[in-house]
S.K.: 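Got a structure for you, written out below as structure tokens; questions coming shortly.
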Amino acid sequence: MVLISGAHKVFALYKAIEEGVNHMWTVSAFQQHPRTIMICDEDTTLELRVKTVKYFKELYAVHKKLIVGEGSEQIEP
């Protein structure tokens, strides 16, 4: 699990998920791990491509539907 929070971490999140694995950004190695969870706030996603943000929001919606269930109370991202 990786927690990335705040507008000052925008570039780190970008390097972690939108570019390939790079030895200069070791956090990018999590792209190859099958159980990585990246947790970030809206401010951290400001510089990501719209397509990337939409993908992760849709992924969360599917998770919520399949794992959490429609009727349970959860905090919205």
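Quantities reported herein were computed from a predicted structural model and do not represent experimental measurements.
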S.K.: Atom CG of Leu66 and atom NE2 of His63: how far apart are they, to the nearest 0.5 Å?
M.R.: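 Nearest 0.5 Å value for the CG-NE2 distance: 9.0 Å.
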S.K.: Under 4.5 Å side-chain heavy-atom separation, chaining through any Ile, Leu, Val, Met, Phe, Trp or Tyr, what else clusters with Ile17? Say none if it is isolated.
M.R.: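 Ile17 shares its hydrophobic cluster with Val2, Ile4, Phe11, Leu13, Tyr14, Met24, Trp25, Val27, Phe30, Met38, Leu48, Val53, Tyr55, Phe56, Leu59.
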S.K.: Considering only residues two or more places apart or on different chains, which pairs with a residue in residues 50-59 satisfy salt bridge (charged side-chain N to carboxylate O under 4.0 Å, His left out)?
M.R.: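 For residues 50-59: Glu42-Lys57.
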S.K.: Which residue pairs satisfy the salt bridge (charged side-chain N to carboxylate O under 4.0 Å, His left out) criterion with at least one member in residues 19-34, sequence neighbours excluded?
M.R.: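 Qualifying pairs: Lys15-Glu19.
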S.K.: Please list, chain by chain and in numerical order, all residues satisfying side-chain contact (heavy atoms from CB on, under 4.5 Å) with His8, sequence neighbours excluded.
M.R.: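 Partners of His8 under the side-chain contact (heavy atoms from CB on, under 4.5 Å) test: none.
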S.K.: Mind checking what makes side-chain contact (heavy atoms from CB on, under 4.5 Å) contact with Ile39, not counting sequence neighbours?
M.R.: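 So Ile39 forms a side-chain contact (heavy atoms from CB on, under 4.5 Å) with Met1, Leu3, Ile37.
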S.K.: Answer yes or no: is there a donor N or O on one side and an acceptor on the other, between the side chain of Thr44 and the main chain of Gly6, under 3.5 Å?
M.R.: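 Yes.
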S.K.: With Thr52, which residues qualify under side-chain hydrogen bond (donor to acceptor under 3.5 Å, both in side chains), at least two apart?
M.R.: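 With neighbours one apart ignored, the set is Glu18.
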S.K.: Taking NE2 in His23 as the centre, count heavy atoms belonging to other residues, nucleotides or ligands within less than 6.0 Å. Is the count above 12?
M.R.: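 Not buried by this count: 12 neighbours or fewer within 6.0 Å.
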